[in-house]
Q: 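So that we are looking at the same thing, I have put the structure below in structure tokens.
Remember, it's 1-based here, ligands and their atoms both numbered in the order they're listed.
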Amino acid sequence: MQTAIADSIRRTPQGTEADAILRTCVHCGMCNATCPTYQLLGDELDGPRGRIYLIKDMLEGGEISRRTQTHLDRCLTCRNCETTCPSGVRYGALLDIGRAMIEQRVKRPFFERLRRGLLCAVIPYRARFTLLLRTGQFLRPLLPPSLRRSVPLPQTAAPWPNTAHARRMLVLGGCVQPALAPNINAAAARVLDKLGIRLIAAEGAGCCGAASHHTSEVSAALDFARRNIDAWWPHIEAGCEAIAMTASGCGVHVKDYGHLLKDDLAYAARAKRVSALTKDMGEILASENLSRFKAGAKRGAKVAFQSPCSLQHGQKLNGVVEKILRELGYTLTAVPEAHLCCGSAGTYSVLQRGLSRQLLSNKLGALQSGNPDVIATANIGCLVHLQGGTTVPVRHWLEILDAASGGGG
Ligand code: SF4
Ligand code: SF4
């Protein structure tokens with residue numbers, strides 16, 4: 001695609017990057033075929049190709065309006081279009097640039113600013129989110145059924161092993177996951193402990209920054225990244241071999257630290273190293289001997305695996321967890337249109353509720369079509385979102401593995 005980026009923009013790092021990305025697009029439109037919002041709304045501007053044109057127009061000095069912002073807001077950032085695109089267009093990176101630019105130029109209505117501001121002031125902060133969640137759980141019996149379903153029941157975590165091992169890995173503590181499902185990281189620690197690996201949650205590390213990043217709070221997102229790098233660095237220097245991710249949504253973001261901080265001289269090199277060390281638990285376990293988990297696995301138990309977009313499109317790890325579960329003896333049910341987003345997508349389920357509910361309904365229909373005993377996933381946001389719409393138990397796949405090896409999951 002030919003471009004004529006405005007001079008003032010082209011000279012910035014973001015302008016240069018956007019120009020390079022735009023030039024790889026041949027506007028064939030193949031990406032529209034797998035875009036969930038295009039499928040639901042049928043509007044070219046709610047598909048990737050249309051959004052690319054909107055961003056191009058903006059960068060070339062065209063009109064920047066609330067209408068453009070609305071079409072960009074409706075994007076799930078699921079990156080399904082990147083998987084489909086034959087030209088390797090880095091749509092997600094282009095969208096980040098477009099969204100950041102429009103955020104500076106178009107003022108949102110008051111209540112929208114308030115809602116986004118509240119999300120950014122609560123979600124990334126573990127203590128604030130925990131307080132809000134516990135209040136919701138306390139009031140749960142009094143809530144109307146539709147709201148009650150979206151407040152998960154309290155969960156306890158089985159013990160975190162404390163055995164010293166020569167092999168050590170870090171784990172991201174995260175922001176909402178410790179309050180919503182503290183057993184997930186504990187399950188990861190127990191599974192790795194059985195493989196002779198100690199899992200360490202570094203003090204001072206917290207939110208990965210994805211929630212702020214996706215609401216265009218760029219500066220706050222970078223501060224979260226720097227804080228995690230500072231907390232992890234001494235452990236990396238002491239020989240931790242990987243940074244394990246139990247939430248694929250965080251994993252895809254931490255893997256991008258190297259790119260996000262490339263212009264920060266104080267952090268660029270360490271950010272690159274952190275990204276290189278970051279691995280989803282699926283990647284880690286795929287290269288370990290898991291035979292000891294076979295004996296306790298409920299052979300034949302029917303599992304419907306929901307592969308989060310951040311796992312299959314963002315990290316390109318489609319099929320990795322499925323293979324592990326199959327090899328352990330679980331029966332994976334067929335999930336039609338498994339490439340489509342469930343509608344959770346970070347803060348999307350709050351900010352775009354209508355579209356999110358439609359996607360949830362479609363996804364649950366697909367997941368339940370094979371009558372599974374359990375739905376498994378790899379991301380806390382998807383887990384809570386899916387569980388809010390079904391009575392079939394939804395678990396993190398690591399908890400299934402942990403339970404198979406006699407853990408508390
Ligand atoms: S992003 Fe890729 S698939 Fe979509 S129009 Fe451009 S080249 Fe075609
Ligand atoms: S990221 Fe997802 S919702 Fe956004 S344009 Fe691409 S496929 Fe569509």
Q: With a cut-off of 4.0 Å, which atoms of ligand 1 are near a heavy atom of H27?
A: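 The list of qualifying atoms is 5 (S), 6 (Fe).
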
Q: Strictly under 4.0 angstrom, heavy-atom based: which residues surround ligand 2?
A: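 The answer is C35, P36, T37, P48, R51, C75, L76, T77, C78, R79, N80, C81, Y91, counting any residue whose heavy atom sits under 4.0 Å from ligand 2.
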
Q: Less than 6.0 Å separating the ring centroids of F224 and Y257?
A: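 So the answer is no for these two rings.
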
Q: Run the salt-bridge test on D19 and R23 with the 4.0 Å N-O cut-off and return the result as yes or no.
A: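 Result for this pair is yes, salt bridge flagged.
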
Q: Evaluate E241 against R167 for salt bridge (charged side-chain N to carboxylate O under 4.0 Å, His left out), listing each step before the verdict.
A: CA-CA 7 Å; E241 63 184 89; R167 293 183 68 190; 3.0 Å; yes

Q: Could you list the atoms of ligand 1 found under 4.0 angstrom from a heavy atom of S87?
A: 7 (S)

Q: Would R270 pass as a cation-pi partner of Y267, given that its NZ or CZ must be under 6.0 Å from the six-membered ring centre and within 45 degrees of the axis?
A: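 That pair qualifies as a cation-pi contact.
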
Q: Just which atoms of ligand 1 are under 4.0 Å from any heavy atom in G29?
A: 5 (S), 8 (Fe)

Q: Output the list of atoms in ligand 1 that are nearer than 4.0 Å to some heavy atom of P86, sorted by atom number.
A: 3 (S)

Q: Going by side-chain hydrogen bond (donor to acceptor under 3.5 Å, both in side chains), name the residues that satisfy it together with N289, two or more places apart in sequence or in a different chain.
A: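 side-chain hydrogen bond (donor to acceptor under 3.5 Å, both in side chains) list for N289, sorted by chain: S291.
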
Q: Given T34 and T84, is the side-chain hydrogen bond (donor to acceptor under 3.5 Å, both in side chains) satisfied, shown in steps?
A: CA-CA 7 Å; T34 56; T84 311; 2.5 Å; yes

Q: Indicate whether any N or O donor in one side chain lies under 3.5 Å from an N or O acceptor in the other, for N183 and R190.
A: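 A donor-acceptor contact under 3.5 Å links the two side chains.
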
Q: Please report the shortest heavy-atom distance between R148 and L143, naming the atom on each side.
A: NH2-O, 2.8 Å

